[in-house]
Asker: 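Sharing a structure, written as structure tokens. Questions coming.
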Amino acid sequence: MTLAQNNKPWQLRSEDLSAIEALDSIIPEKFFDIHAHWYRKADLNAPENSFWNSGPEIAGYRQWEDYTQQLLPKASLLGGLFFPAPLPKVNLSAANQFLFDELEKSTLSRGLMLVKPETSQKELELGLSHAKVVGFKPYHVYGTETPTSQSGITGFLPEHIWARAHEHGAVIMLHIMKDKALLDPKNCEDIRRLCLKYPNVKLILAHCGRSFHALHAEGAKFLNSIPNIWFDMSGICEMQAILPILKYFGPEKLMFGTDFPVSQIRGKCISIGNGFIWLDENNCNWDQAWGKPILVGLESINALQEASNNFGLDKSDLDLINWGNAMQLLGISKVQEFTNQTYYKHAKTRIPGGTQLLSKRPENMAPNHWPPYFKKASGCEIWDLDGKHFYDFSTNAVGSCILGYSNPEINKAILKRVQLGNMCSLNPPEEVALADKLCEIHSWADQARFVRGGGEACAVAVRIARATTGKDKIALCGYHGWQDWYLAANLGENDALKGHLLHGLSPDGVPGTLRNTALPFKYNDLEAFQEIIDQHPDVAAVIMEPCRYENPDPGFLEAIRAITRKNGIILIIDEITVGWRLHFGGMHLKYGIEPDMAVFAKALGNGYPIGAVIGSKAAMEGANRSFISSTYWTESLGPVAAIATIAEMEKQDIQNAIEHAGSMVQMHLETVAANEGIKLHVKGFPALTSFSFDHPESEMLRTIFTQQMLSKGFLAGTSFYPTIAHNEKIIEGYKQALLETFGFLSLVIKENSFDKLPKEEKAQSGFSRLL
């Protein structure tokens with residue numbers, strides 16, 4: 001960039017002051033500049049009309065402090081990460097020495113030495129020997145590939161510099177090149193390869209991965225599982241370049257930098273076509289504009305404010321971006337926060353049982369090891385509260401997210417509804433559209449009621465059935481929630497509450513007067529079912545899953561349907577777990593069974609709360625008389641998510657994709673276990689895989705298996721509910737982890753060394769289904 005002769009870019013103007021006043025709410029209380037330049041004009045050898053010659057003769061710590069304080073008048077400037085201006089003809093040794101000298105003036109500031117591909121090992125070591133030098137700043141203009149604007153990463157940052165940085169746990173500030181920058185496949189491939197090869201390197205991708213063309217920032221999605229990557233947003237003037245970083249990495253990996261003295265340019269960088277342009281006073285006729293330009297530093301703050309409002313960042317997030325992340329990355333200070341295990345320990349003092357869902361208790365998986373909380377989830381990947389990355393090979397949100405976590409199409413529909421308002425005194429039209437769609441898919445159904453969870457859906461269905469028939473008792477098969485009507489099946493034959501139906505499901509708190517109102521029978525046991533019907537003429541409904549681990553015996557479901565119809569009993573099919581996962585619309589459609597009612601939840605909303613009860617007009621008639629009502633059944637997000645989820649399932653061959661993923665996992669489990677001599681029993685449909693160890697210490701083996709898989713980056717228990725995000729590459733990684741883990745388990749079995757695992761770390765057994 002060149003400087004117009006009459007320009008005074010280093011002085012605040014009235015428009016700058018107005019902008020600062022307008023940005024007052026986002027100006028931080030504290031600020032650490034993660035990307036700024038110190039230099040002397042004499043060392044730069046810049047062209048006479050260059051912007052770099054427009055400021056003071058020396059731009060060091062004091063000058064940075066003075067000019068940055070003007071942009072952030074209320075902020076306490078803590079320091080920054082500084083490096084020389086990487087101009088083509090800079091006197092490298094003099095520029096670095098000036099940096100070293102200036103660092104002595106700021107207690108908290110750190111520096112990066114400017115390096116070229118030919119910088120010797122001795123020079124690298126000498127630079128890092130400086131107490132406040134924490135890494136390297138390479139730049140494409142020194143590269144070996146031409147033109148340097150199209151240089152690959154190793155063309156100006158060779159591996160010997162990566163190796164030195166790895167040995168010292170050093171920072172590399174990388175300004176990537178090529179036309180597509182972060183969206184360039186080779187750039188992403190190289191970044192991934194080098195970061196994984198040199199995991200101690202702390203890589204900062206400058207300018208949101210040089211996303212001056214804002215849409216290029218979407219390339220962050222190809223790097224989001226790499227732990228040693230951070231981004232600075234120096235010089236970024238568009239919100240659209242910041243949002244993908246927040247989406248794929250979260251606020252913990254984004255840092256604000258001024259790019260001083262670029263912050264003093266009057267204008268901004270904007271996306272055009274498939275590239276970008278810097279609009280400044282040299283190449284833009286501002287006299288023809290309907291406004292006056294402000295400093296780039298202010299445009300960057302404005303972009304952060306817009307992104308903050310769009311993404312929903314709060315003050316704690318902005319504190320991380322403005323100073324916390326940088327100071328933690330550089331080891332200057334550590335942001336105090338709970339770790340997974342300490343937070344869970346605290347949670348158990350506030351939340352009875354520790355969690356809201358029994359199956360999400362860490363004690364069920366690997367006590368003191370299983371991460372209780374997540375920060376971010378995408379596809380089949382999870383980042384826990386400590387920032388650790390895992391592939392989810394467990395139940396993937398208890399089977400609710402078959403389209404993968406944070407599915408973009410579902411989120412798009414949700415965000416539109418959020419922006420328009422999701423709740424008010426009127427009813428959401430989406431519930432009518434969802435009712436129409438479900439009845440279209442299930443031609444036997446005429447009506448629908450909606451709730452926000454599976455247990456609620458079952459309870460509502462049972463209430464309606466009782467109201468419609470005027471009878472009280474319910475015959476049941478399988479798991480259907482936590483409510484009194486269901487747990488009444490666990491009431492024993494006396495007041496001691498013995499004879500519980502399901503291990504771990506206590507009926508404490510369920511009125512004893514409900515005894516013998518819930519009558520269980522086992523799957524495929526037609527004789528037991530007929531006995532219930534013969535002994536209890538007042539059965540209102542039968543509620544059952546159409547299948548769980550296996551297909552029904554020939555004629556079983558047909559007989560249930562015939563007997564219920566003959567006796568005026570409402571048949572309710574529970575598709576909460578198997579529905580959509582095994583067959584579009586539910587397995588009762590595949591089996592050719594027409595129930596009176598069916599219930600859905602889990603996958604229906606792909607992670608957003610929605611449950612549905614559909615039925616024939618005759619079966620649903622009781623809903624008109626019984627009081628069934630709840631405020632939050634009338635919000636919009638549940639129906640919106642369900643409509644979008646069904647639309648996505650209609651577009652893609654979801655069921656076959658899930659079956660394929662599950663089949664691959666089942667094959668790997670059986671093959672690897674057999675090769676290691678481990679007796680493993682794998683069961684269930686591929687889309688609902690489970691396995692168990694055939695060994696007296698099966699529970700201990702299950703615990704050790706989970707601990708070992710966690711150490712390899714996999715959330716894994718003895719159940720696996722695949723999603724469309726489980727592609728073959730990810731499954732191959734799971735296989736490699738299995739090879740190591742089953743090899744370890746084989747030694748444990750051979751040496752009988754189970755006692756090495758502390759007893760308090762043994763996983764607790766959860767409840768089992770009656771099937």
Asker: For K471, does the NZ atom have more than 12 heavy-atom neighbours from other residues, nucleotides or ligands under 6.0 Å away?
Answerer: yes
Asker: What distance do K247 atom NZ and N411 atom CG have between them, rounded to the nearest 0.5 Å?
Answerer: 7.0 Å
Asker: Find the distance between CZ (R361) and CD (Q356) and round it off to the nearest 0.5 Å.
Answerer: 10.0 Å
Asker: Drop me the distance from I563's CD1 to F529's CZ, to the nearest 0.5 angstrom.
Answerer: 5.0 Å
Asker: Show me the donor-acceptor pairs within less than 3.5 Å that the side chains of residues 678-691 make with the rest of the protein, sequence neighbours left out.
Answerer:
unit_1 : atom_1 : unit_2 : atom_2 : d
T689   : OG1    : Q666   : NE2    : 3.0
T689   : OG1    : P686   : O      : 2.9

Asker: Going by the salt bridge (charged side-chain N to carboxylate O under 4.0 Å, His left out) test, which pairs reach into residues 636-661, not counting sequence neighbours?
Answerer: K437-E650, E648-K651
Asker: Side chain of N368, backbone of E761: donor and acceptor closer than 3.5 Å?
Answerer: no
Asker: Any salt bridge (charged side-chain N to carboxylate O under 4.0 Å, His left out) pairs touching residues 526-541, not counting sequence neighbours?
Answerer: K473-D538
Asker: Considering residues at least two apart in sequence or located in another chain, which fulfil the side chain to side chain contact (heavy atoms under 4.5 Å, CB included) criterion with A541?
Answerer: A465, I474, I570, I572
Asker: Check the pair M620 / V613 against side-chain contact (heavy atoms from CB on, under 4.5 Å), numbers first and verdict last.
Answerer: CA-CA 9 Å; M620 298 285 282; V613 181; 4.3 Å; yes
Asker: Is there a side-chain contact between K590 and L582 (heavy atoms, below 4.5 Å)?
Answerer: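 Sidechains of L582 and K590: no contact.
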Asker: Compare all side-chain heavy atoms of F390 with those of P371 and state whether any distance is below 4.5 angstrom.
Answerer: yes
Asker: Would a distance-only check, ignoring hydrogens and angles, find a side-chain to backbone donor-acceptor pair under 3.5 Å from R581 to A603?
Answerer: no
Asker: Check whether more than 12 heavy atoms from other residues, nucleotides or ligands sit under 6.0 Å from atom OH of Y373, and answer yes or no.
Answerer: yes
Asker: What pair of heavy atoms forms the shortest contact from G404 to N606, and how long is it?
Answerer: O-ND2, 3.1 Å
Asker: Should Y721 and I402 count as side-chain neighbours, where that means a heavy-atom distance under 4.5 Å?
Answerer: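 Heavy-atom side-chain distance check fails, nothing below 4.5 Å.
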Asker: Between Y391 and I731, does a side-chain contact (heavy atoms from CB on, under 4.5 Å) hold up when you go through it step by step?
Answerer: CA-CA 9 Å; Y391 289 104; I731 292 173; over 6 Å; no
Asker: Could you check if a side-chain atom of C380 sits within less than 4.5 angstrom of a side-chain atom of I730, using non-hydrogen atoms only?
Answerer: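 When only atoms from C-beta onward are counted, I730 and C380 do touch, with a gap below 4.5 Å.
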Asker: T395 vs S359, test: side-chain contact (heavy atoms from CB on, under 4.5 Å). Steps then yes/no.
Answerer: CA-CA 10 Å; T395 62; S359 56; over 6 Å; no
Asker: Specify the closest pair of heavy atoms between S394 and D392, including all atoms of both residues, with the distance to one decimal.
Answerer: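 Smallest interatomic distance, heavy atoms only, reads OG-OD1, 2.5 Å.
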Asker: Could you tell me the separation between the CD atom of E594 and the CG atom of L589, rounded to the nearest 0.5 Å?
Answerer: 9.0 Å
Asker: Would you say that V599 contacts I576 through its side chain, given a criterion of any heavy-atom pair below 4.5 Å between the two side chains?
Answerer: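 With C-beta onward as the side chain, the pair touches.
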Asker: Grab the two heavy atoms, one from L476 and one from A489, that are nearest each other, plus how far apart they are.
Answerer: CD2-CB, 4.4 Å
Asker: Which pairs pass salt bridge (charged side-chain N to carboxylate O under 4.0 Å, His left out) with one or both residues in residues 604-631, sequence neighbours excluded?
Answerer: E621-R625
Asker: Do I382 and K376 have side-chain heavy atoms sitting under 4.5 Å apart?
Answerer: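 No, every pair of side-chain atoms sits at 4.5 Å or beyond.
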Asker: Passes side-chain contact (heavy atoms from CB on, under 4.5 Å), Y405 versus T723? Steps please.
Answerer: CA-CA 9 Å; Y405 300 135; T723 75; over 6 Å; no
Asker: Hey, does N524 have a side-chain heavy atom less than 4.5 Å from the side chain of E550?
Answerer: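 SC-SC contact between E550 and N524 confirmed.
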Asker: Quick check for you: to the nearest 0.5 Å, what is the distance between I441 atom CD1 and C439 atom SG?
Answerer: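 With rounding to 0.5 Å, CD1 (I441) is 9.5 Å from SG (C439).
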Asker: Verify the ring-centre separation between H726 and F393: is it less than 6.0 angstrom?
Answerer: yes
Asker: How far apart are the C-alpha atoms of F556 and Y523, what are their side-chain angles, what is the distance that settles it, and do they pass the ring pair (Phe, Tyr, Trp, His ring centres under 6.0 Å) test?
Answerer: CA-CA 9 Å; F556 174 68; Y523 194 69; 5.3 Å; yes
Asker: Around W482, counting heavy atoms of other residues, nucleotides and ligands shown, do more than 12 lie under 6.0 Å from its CH2?
Answerer: no
Asker: Among residues two or more places apart or on two chains, list those pairs meeting ring pair (Phe, Tyr, Trp, His ring centres under 6.0 Å) that have a residue in residues 598-618.
Answerer: H442-F600, W580-F600
Asker: Which residue pairs pass the side chain to side chain donor-acceptor pair (under 3.5 Å) test when at least one of the two sits in residues 563-572, sequence neighbours left out?
Answerer: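 Listed by first then second residue: R561-T564.
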Asker: Would a distance-only check, ignoring hydrogens and angles, find a side-chain to backbone donor-acceptor pair under 3.5 Å from D574 to C458?
Answerer: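 Answer holds: no.
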Asker: Between K762 (side chain) and T703 (backbone), is there a donor-acceptor pair under 3.5 Å?
Answerer: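 Flag not set: sc K762 to bb T703 has no pair under 3.5 Å.
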Asker: The criterion is side chain to side chain contact (heavy atoms under 4.5 Å, CB included); which residues satisfy it with D314, sequence neighbours excluded?
Answerer: S316, D317
Asker: Who are the side chain to side chain contact (heavy atoms under 4.5 Å, CB included) partners of P408, not counting sequence neighbours?
Answerer: none
Asker: With sequence neighbours left out, what residues match E728 under side chain to side chain contact (heavy atoms under 4.5 Å, CB included)?
Answerer: H660, M664
Asker: Kindly state each residue pair satisfying side chain to side chain donor-acceptor pair (under 3.5 Å) with at least one member in residues 424-434, sequence neighbours excluded.
Answerer: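 Only R417-E430 qualify under side chain to side chain donor-acceptor pair (under 3.5 Å).
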Asker: Would the distance check show the side chain of T718 and the main-chain N or O of S692 forming a donor-acceptor pair, the cut-off being under 3.5 Å?
Answerer: no
Asker: Please report the interatomic distance OG1(T517) to CH2(W485), rounded to the nearest 0.5 Å.
Answerer: 9.5 Å
Asker: Does N422 reach the main-chain N or O of S636 with its side chain, forming a donor-acceptor pair under 3.5 Å?
Answerer: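 No, the answer is negative, given that no donor and acceptor are paired below the 3.5 Å cut-off.
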Asker: Going by distance alone, is a donor N or O of one side chain under 3.5 Å from an acceptor N or O of the other, for N551 and Y591?
Answerer: yes
Asker: How close do H588 and A598 get, counting heavy atoms only, and between which atoms?
Answerer: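 Answer, listing the atom of H588 first, then A598: CE1-CB, 4.4 Å.
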Asker: Do P511 and D484 have side chains that get closer than 4.5 Å, going by heavy atoms?
Answerer: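 With C-beta onward as the side chain, the pair touches.
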Asker: For residues 448-457, which residue pairs qualify under side chain to side chain donor-acceptor pair (under 3.5 Å), counting only residues two or more places apart or in two chains?
Answerer: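 Listed by first then second residue: R452-E635, E456-W633.
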Asker: So, D384 versus N340: side-chain donor-acceptor pair below 3.5 Å or not?
Answerer: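 Note: D384 and N340 side chains meet the donor-acceptor criterion.
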Asker: Return the minimal non-hydrogen interatomic distance between I532 and P520, and the atom names on each side.
Answerer: CD1-O, 3.5 Å
Asker: Is there a donor-acceptor contact under 3.5 Å linking the side chains of S626 and R463?
Answerer: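 Looking only at side-chain atoms, R463 and S626 do form a donor-acceptor pair, the distance falling under 3.5 Å.
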Asker: Nearest heavy-atom pair of L557 and P552: which atoms, and what distance?
Answerer: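 Answer, listing the atom of L557 first, then P552: CD1-CG, 3.8 Å.
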